Amino acid sequence: SGEAASANNASGRKARELAELYSEYEKTLDENGLADAYRPQYDALEILEDKSKAPGVLEVVEEAGIIGIYDPGELRFRIFTALAGRVRNTRLRIPYNPQREDLFAFMYGTVRRFELLGGIFDGFDPAEMFTEEQEESGESALSAVRPYILLPPSQTARLKRVCPDGSITVIKAFGRYKEMEEIGREIRRLMESGVPASEIAVIFRDAEEYAEMAEDVFSRFRIPCELRRRVPLLSSPFARHVNLLLETAAKGEDADAQAGVSRLLSSGYTDSSAGEKELAESVKRLGGAMTRLARLSALVDFLNKWTRKGADYSGEEAAAMRELDAAIAGMESAWKIRGGDAETSAAEFKDEFIEALSRRRLERESSPPSGVKILSALDAVGLKWDYVFIGGLSDGQFPQKRYETPVFSDAEKRAFNMAVKRTAFRHMEELSKEETLLFCLAFYSARKKACLTWSAENDDGQPQPRSSF
């Protein structure tokens with residue numbers, strides 16, 4: 001009992017320290033006029049809950065739909081309920097089947113919370129949602145298989161009789177690249193038989209891990225694909241232009257600096273009306289600034305004068321500029337908060353600035369939009385295709401391996417959640433249930449055929465078992 005009391009005291013201290021840190025975090029944001037990514041959601045909730053702040057758009061909305069909710073979290077749960085209070089006919093549909101709580105256990109808490117609200121949502125019926133999904137697929141070849149998914153072998157004796165031939169296949173490969181090639185070959189066969197590329201999807205637990213391989217393989221197999229990738233900001237031509245500018249400013253007035261000015265003029269990102277002498281003066285001001293904030297200000301002035309002036313950037317270039325602006329704003333705020341406007345050399349400033357850019361990513365989308373979709377399991381929730389490949393079904397990849405952290409143990413997370421009466425932290429058991437749900441929803445996204453693929457070797461050529469799924 002003494003050990004238990006000691007453990008409870010330690011857990012309580014951690015919870016108090018966590019609360020103090022968060023309070024300090026919010027206080028710092030308020031004092032500096034800053035907001036984090038959650039601020040817009042809090043603002044939306046405040047508007048929805050305050051009857052006197054009726055958004056104009058809601059005055060003409062007669063019906064709203066909240067479809068395919070996966071894991072709303074506390075804040076969005078409150079937003080949804082507030083929306084239902086403002087729009088009388090708000091329909092809610094949740095992917096949940098009460099007959100298979102082993103698969104949908106992760107959703108039970110969410111469903112229960114909505115059920116306890118009573119009739120606030122029009123037409124809320126989790127069971128109806130599941131039935132509706134089955135009916136939506138009509139005579140789907142896989143609809144008869146769904147009741148058997150992830151059941152133990154002793155309960156799947158009828159599966160061979162109800163499973164149409166070829167509606168489920170399993171591909172084993174030796175290495176992730178070869179796995180991707182096998183997927184490519186199967187997709188090529190489907191397309192040659194007349195299946196539109198837009199009716200095919202490839203789902204991974206995390207598509208980023210396969211993105212480069214997928215682009216390479218699909219290019220070789222002449223398969224059009226739609227893939228969103230997050231690539232390093234520093235890989236963009238515009239970020240390299242900024243790096244060149246900072247390098248040139250750090251070189252002072254030597255011959256290399258003059259050569260750098262010439263390269264800036266020919267980079268394609270410098271105003272064509274700029275003269276070399278005028279441009280060199282702007283670079284010199286950037287290099288001659290003394291403090292971090294002064295250099296940052298000089299950098300912004302240079303970009304506004306010589307890079308943005310009269311330019312009409314779009315696509316990835318515009319996205320790179322937005323990321324750069326966010327990085328500049330973040331560094332300026334951080335230095336002001338920490339009182340870190342110290343003197344720094346041009347070389348030190350360049351290194352610090354480029355380090356900040358190295359942590360940022362750009363979302364790059366392959367075209368055409370009518371191609372084969374390659375996406376992560378989270379992004380596939382609620383979507384449907386005729387043919388679905390679920391890849392990366394090797395041990396540790398899908399389901400993902402999770403490890404309990406000693407900093408805040410599962411027992412401490414449970415105690416904290418009970419104290420605040422909501423799920424503030426996910427523990428290992430819940431995260432495991434989430435993996436099952438994601439696989440289930442990925443499988444349900446197939447109307448006609450599901451192909452499961454896995455690699456029997458890891459990237460080092462060592463044997464690895466297949467996924468428990």
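In this chain, residues are counted from 1 in sequence order. All values reported here derive from a predicted model rather than from experimental measurement.
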If you apply the rule side-chain contact (heavy atoms from CB on, under 4.5 Å), what do you find for Asp102 with Thr436, and how did you get there? CA-CA 9 Å; Asp102 54 327; Thr436 302; over 6 Å; no

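- Arg360 places no side-chain N or O within 3.5 Å of a backbone atom of Leu233 that could act as its donor or acceptor partner.
- Under a 3.5 Å cut-off, the side chain of Lys433 and the backbone N or O of Met107 do not form any donor-acceptor pair.
- Between Ser376 and Ile203, the closest heavy-atom pair is C-CG2, 4.2 Å.
- By the 4.5 Å heavy-atom criterion applied to side chains, Val195 and Asp386 are not counted as neighbours.
- With hydrogens and angles ignored, the 3.5 Å screen pairs a side-chain donor or acceptor of Glu435 with a backbone N or O of Gln400.
- Within the 4.5 Å cutoff, no side-chain heavy atoms of Ser358 are placed close to those of Pro232.
- Few gaps surround CD on Glu208; more than 12 heavy atoms of other groups in view lie less than 6.0 Å from it.
- Although no hydrogens or angles enter the test, the distance criterion places no donor-acceptor pair under 3.5 Å between the side chain of Ser432 and the main chain of Met428.
- In this pair, Phe439 and Phe469 present their aromatic rings parallel. The plane angle is below 30°, not in the 30 to 60° band.
- Between Glu247 and Arg263 no salt bridge is recorded (no basic side-chain N to carboxylate O distance below 4.0 Å).
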Check the pair Asp395, Lys401 against side-chain contact (heavy atoms from CB on, under 4.5 Å), reporting the backbone distance first and the verdict last. CA-CA 8 Å; Asp395 185 51; Lys401 275 187 178 175; 4.2 Å; yes

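- Arg176 has its side chain within reach of Asp459: a pair of non-hydrogen atoms, C-beta onward, lies under 4.5 Å apart.
- Heavy-atom neighbours of Glu62 CD from other residues, nucleotides or ligands within 6.0 Å: at or below the threshold of 12.
- The nearest pair of heavy atoms linking Leu246 to Phe353 is CD1-CD2, 3.6 Å.
- Heavy atoms of other residues, nucleotides or ligands lying less than 6.0 angstrom from CZ of Arg361 number more than 12.
- Ion pairing between a basic and an acidic side chain is recognised when a charged N comes within 4.0 Å of a carboxylate O; Glu115 and Arg112 show such pairing.
- Under the 4.5 Å side-chain criterion, counting only non-hydrogen atoms from C-beta, Leu190 is not in contact with Glu186.
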Walk me through whether Glu182 and Lys178 qualify under salt bridge (Lys or Arg N to Asp or Glu O under 4.0 Å). CA-CA 6 Å; Glu182 291 296 331; Lys178 290 182 179 178; over 6 Å; no

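- Closest non-hydrogen pair, Gly392 versus Tyr210, comes out as CA-OH, 3.4 Å.
- Between Met180 and Phe218 the shortest heavy-atom distance is CE-CE1, 3.6 Å.
- Across all their heavy atoms, Ile183 and Thr453 have their closest contact at CD1-OG1, 3.6 Å.
- The shortest side-chain heavy-atom distance between Phe106 and Leu438 does not fall under the 4.5 Å cut-off.
- Contact annotation: the side chain of Phe80 never approaches that of Leu92 to less than 4.5 Å [non-hydrogen atoms, C-beta and beyond].
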Worked check of side chain to side chain donor-acceptor pair (under 3.5 Å) between Ser455 and Glu179: CA-CA 6 Å; Ser455 171; Glu179 178 188 358; 4.9 Å; no

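- Between the side chain of Arg188 and the main chain of Arg222, a donor-acceptor pair closer than 3.5 Å is present.
- Using a 4.5 Å heavy-atom threshold, the side chains of Asn243 and Lys350 count as touching.
- In plain terms, the two heavy atoms of Ser445 and Leu383 that are nearest each other are CB-O, 3.2 Å.
- Between the side chain of Arg91 and the main chain of Ala64, no donor-acceptor pair closer than 3.5 Å is present.
- Here the side chains of Val388 and Phe443 are not in contact, with every heavy-atom distance at 4.5 Å or above.
- Of the possible donor and acceptor atoms, one in the side chain of Arg86 sits under 3.5 Å from a partner among the backbone N and O of Leu48.
- Using modelled atom types, one side-chain atom of Gln464 and one backbone atom of Glu457 make a donor-acceptor pair closer than 3.5 Å.
- Look at Lys448 and Glu199 and you find no salt bridge, because none of the NZ, NE, NH1 or NH2 atoms lies under 4.0 Å from a carboxylate O.
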